[in-house]
Amino acid sequence: MEPSYFVQARRAGRVVVEEPPKFDLDDYISKYKGRTRFDRLSLIGTSSSYLCLEALKAAIAEAKQGSDVGRYESAVSSLREISPTDPDAILDAAWVGTTKAQVKRNTDTLELELKTYKNNLIKESIRMGYDDLGNHYHRIGDLSKANKAYSQMREFCTTNSHIVIMNMHLINVCIDQRSWFAAQNHIQRIRGATGGQKFPEAEKNSAKLAAAHGLASLASGNYRDAAIDFIGTDPRMSQAKLDDPTDEEAYNEVLTPSDIAIYGGLCALATMERGELQERVLNNTDFRNYLELEPHIRRAITYFVSSKYSPCLQILDSYKADYLLDIYLQPHFQNLYHDIRCKAIRDCLAPFSCITMSALAKIFNSDEEAIMLEIQQMIKREQINARINSVDRVLYTKQKNGRVNVFDTALAAAKEYERTSHLRIMRMQVINAGLEVKGDSGRGQRGGGNINQEWAPPPSSSYESRGTTGSGPQHGGYNGAGDLMDGKSGTRG
Amino acid sequence: MSTMEGGLQQLLAFPPYPMPATPLPDSEYDKQIKAHIQYLNTIPASKLTNGVPNGGGDLLDIVDPSVNTTSYLYILLAYISGSSSKQKLGAVSDSFALGSPLWHKSLEFMDRFDPIQVRYAGNEFRRLVEAVASRARTFSQPFAAVPAIRTAILRVDHSGATFTSTHLIFARLCLEARAYTDALPVLDEIIYYLPCATNKGAENNMFPYLNSKHESSSTYITQESGLSAKLDYRDHLQYFLFGAMLYMGLKEWKKALLFLEIAMTSPVTNNASKIQVEAYKKWVLVSLLYKGSLPSMPKTISSVAAKQYSVVGRPYEGLAAVFMAGIKEEEGVQRLIEEARVGAQFWSHDSNAGLVSQVIEAYRKFSILELEKTYCALTITEIARYTSPDPYDYAETGQYVVHLISSRQLNATISEPTQDPATWIIRFSDSASGPLARSEEQQYEALSKQTRKVKALTDHIKEIDRKLSLSKDLLADAKRRKKEKNEQGGNEGETVWGRDGFDQDEDMMADM
């Protein structure tokens, strides 16, 4: 029985996933660390009708271990809407009280410390002070203050590695804030244009930077850029130990190497042609390290490259629940899937001049009516160049008659030339004869109303639809054809 | 000249009779006709209307309008303005009524006058045309003057390339008379020139004589010639608006659009003219009728004018948006009808209600044309479902499609396996097949026709270019540059911009 919460969510246009995902929730969440754990649990809790209770309870437990009171409260209220009787759905007021007090204490201490450092004018201490303060604000979920604190570090950075640390902090805060443009800016500050890093100190972050950039592109809907970023990610992260918090390669406070494989693979499938997929994705020894973590993506791409669209789409369908429960993929998966399907249909049609709907439906695991509707939409959006014969239920790809086309375009171009030249000539003539429209610029639009009485519109309404029997309108009015904005007629009237 | 006897001989003095074996050289002809007109100007009107004494009869019966055109024109005008009110311009005698002998003589004159001679009497000729037009209008029979004035316009300037005030008079008469087809011979001639103040010194050197053969009518129809009244900016705007409306009456949407665009894009110093705004409103509707969509405004419209068009034309743009969205989304016509109903007062206020109702009718046609993009074959039942007012009336839908195909609005074929329209199948054709496809010969013919048009256009452009190079502004500028050059010469040497100035100067000299 689906909780009424999801019925409403669906009505409100939010994503609701009924199917159970392939992953095990505990396993899944154990791969992440930091704030993203709560974010991910909360998203699963509010969009999976299958895992909601488990995920929300985990989210509440997660929140209680931290010091971000706001997210604890939001998780509890979500749970209350779904299952009001659950013991966890009651707000632990005592915890909230003590945590708030503790947070306040911490904030005060850190601000005070920073003040002392500032008085002492020791750059490094001030930088550390801002660093601590930023970390604190980030932890308690005050992202804009965290961003501010990190930004203020800048003038106290004395080495390149300080700048790198500062920007990495800022990137993470921006990702949490979903300020993708700002995140990309911070990435560019420490990342050279051609993949190399501006500072040697940033080299060890290269994989993280590429992944973060890809994520920002994905989130802003630039799937092709995202694909290029992800497949270009340095393989160093692929072997990161996710359970070891001291492993500096791990970036699992944002995403895991598996995520890189999935995001990169899907974006590539959606935006690259078959040859490109083979060349840049499958034959890419660097990206292979990531793909090996998610063999199903590798299989899907391989199927697509070898024109086996049906199994490729089947794989994506079977992982649909997983993708839709991913915090970054959820808003984009439908678009990506649609693009992949369109591209598959387009590629599939390429060798045919005509193909029956039933054959097409079979290739794409669909029935005739559904595929016809889909094709109609694609033609309307000009994604494929074909026409439907709905009588025989056959799709014809448009054949170009080159010779006729050349004739037609030549004629159209000549006519257009004649037309625009004529218009230009008339403009020149009007200027040359000093016949520009001269109006009184000072009067503004007020005069417009007065002119209407002066200038009777011509009797155009007589054409066809109306009988020509009516006594013609007064034509004397034309002589008084006033200027739209001319105030003179107003003063006369 | 004491008697009219002697006067008559002088009236017939030009052109010389019998015709000399070799035609007069242009210079001699020019000298003689100018002297003749000077003489005509001295004769009081009463003398001209008195007739020939001793029962010699009416001068109009004696003088031949096709030979002694100028004399005949002066006599006609004398009669029209009435003997009593001597030289009072514009006065019209009561005897100049529709159907009167004088009226018939005037119309006959327009058919027979010598087009060369009237170039020397442009003002008088125009007075005659205006008198005829205004008479026809006072008698509420505008059509009575249409054929004669049309002939007159095309005889003065057979190329029809130069705009005159007579064009506007003609277009208005046609519109009032609803004589759409009768307007075409003039409307279809492309206007390339507006009479403008020419650089007399330069032009007179190149075209010293009005009677010579002129390559372009713009060199003898000038502001000084009198063949056109002095123009106001409203004149050409109104002509193109009226012309567009005449084309609309014939459903010549494409030509109407061009005329409307000429009016809309006409340069504006500050604010747009009301006439231009009217043109814009109609342009929106006619675009829908012609293409089924509203293109973006022509780029040459100044930003101020474009904004004003948009503000005043908002209800029209709204209607167009509903029209296009409906076609795209395969919606029924109901929303468009509703939108048209809401704006009803706008359309009727602007006298565009007829066009709007045609737009609503056209919606169905464009809905079917839209299907062509997605389908190559469809049954009538499907077409009815998508586009018909009654989605189950297959017979009516079938008829409508047949009508579209036979009126060449839809390039498709229809197959009728049985009598029942529900079984009919429509096959949309592409440009290379179907009833509207052109054969190779037709393609070639269309291309060579277009080539001829572009060639003619190029000739006009050359002429316009020549005119511009002689315009006062350009010459004044060239003089100024030359002066600067002289002042600068020597002491300053060649600065970078100075060099540019010199180069252009050289070109100017070469042109002259």
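Each chain gets a letter, A, B and so on, in the order the sequences are listed, and its residues count up from 1. All heavy atoms count here, side chains included; hydrogens, waters and symmetry mates do not.
Ranking B/Arg427, B/Lys449, B/Glu372 against chain A, the residue ahead of the rest is B/Glu372, based on heavy-atom pairs under 4.5 Å. Among A/Val394, A/Val404, A/Ile375, the residue making the largest number of heavy-atom pairs under 4.5 Å with chain B is A/Val404. For the set B/Tyr444, B/Phe240, B/Trp347, B/Tyr193, the entry with the most heavy-atom pairs within less than 4.5 Å of chain A is B/Tyr193. Contacts with chain B were tallied for A/Met428, A/Gln376, A/Arg427, A/Met378; A/Arg427 has the most, counting heavy-atom pairs under 4.5 Å. Ranked by non-hydrogen atom pairs under 4.5 Å with chain A, the options B/Ile425, B/Val304, B/Asp235 are led by B/Ile425. Contact count versus chain A (heavy atoms, under 4.5 Å) is highest, among B/Lys328, B/Gln276, B/Glu261, B/Lys373, for B/Glu261. Heavy-atom pairs under 4.5 Å with chain B peak, among A/Ile431, A/Ile388, A/Ile379, at A/Ile388. Put simply, of B/Thr374, B/Val268, B/Thr300, the one with the most heavy-atom pairs under 4.5 Å next to chain A is B/Thr374.
For B/Leu237, the part lying near chain A is the side chain, with the backbone staying farther off; criterion is any non-hydrogen pair under 4.5 Å. For chain A, the nearby parts of B/Leu447 are the backbone and the side chain; heavy atoms of each come within less than 4.5 Å. Contact of A/Leu435 with chain B is made through backbone and side chain together, with heavy-atom distances under 4.5 Å.
The side-chain heavy atoms of A/Leu423 and B/Leu258, taken from C-beta on, include a pair separated by under 4.5 Å. Here the side chains of B/Thr265 and A/Met426 are not in contact, with every heavy-atom distance at 4.5 Å or above. The shortest side-chain heavy-atom distance between A/Lys380 and B/Glu330 falls under the 4.5 Å cut-off.
Residue A/Arg424 holds its CZ atom at 13.5 Å from CD1 of B/Ile464, rounded to the nearest 0.5 Å. Remark: B/Ile262 CD1 to A/Ile425 CD1 distance equals 10.0 Å, nearest 0.5 Å. Between B/Asn270 atom CG and A/Glu436 atom CD the span is 11.0 Å, to the nearest 0.5 Å.
Contact detail for A/Ala414 and B/Val454: the closest heavy-atom pair is O-CG2, 4.3 Å. A pairwise comparison of heavy atoms in B/Ser429 and A/Arg387 identifies C-NH2, 4.1 Å as the closest pair. In this structure, B/Pro195 and A/Ala433 approach most closely via the heavy-atom pair O-CB, 3.9 Å. Contact detail for A/Gln429 and B/Tyr192: the closest heavy-atom pair is CG-O, 3.1 Å. Residue B/Asn271 comes nearest to A/Val437 through the heavy atom pair O-CG1, 3.4 Å, listed as atom of the first residue, atom of the second, then distance.
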Exercise. List the steps and the verdict of side-chain contact (heavy atoms from CB on, under 4.5 Å) for B/Leu194 and A/Asn432.
Key: CA-CA 8 Å; B/Leu194 295 176; A/Asn432 200 28; over 6 Å; no
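Annotation: A/Arg11, atom CZ; neighbour count of heavy atoms from other residues, nucleotides and ligands within 6.0 Å does not exceed 12. Counting non-hydrogen atoms of neighbouring residues, nucleotides and ligands closer than 6.0 angstrom, the CZ atom of A/Arg419 exceeds 12 such neighbours.
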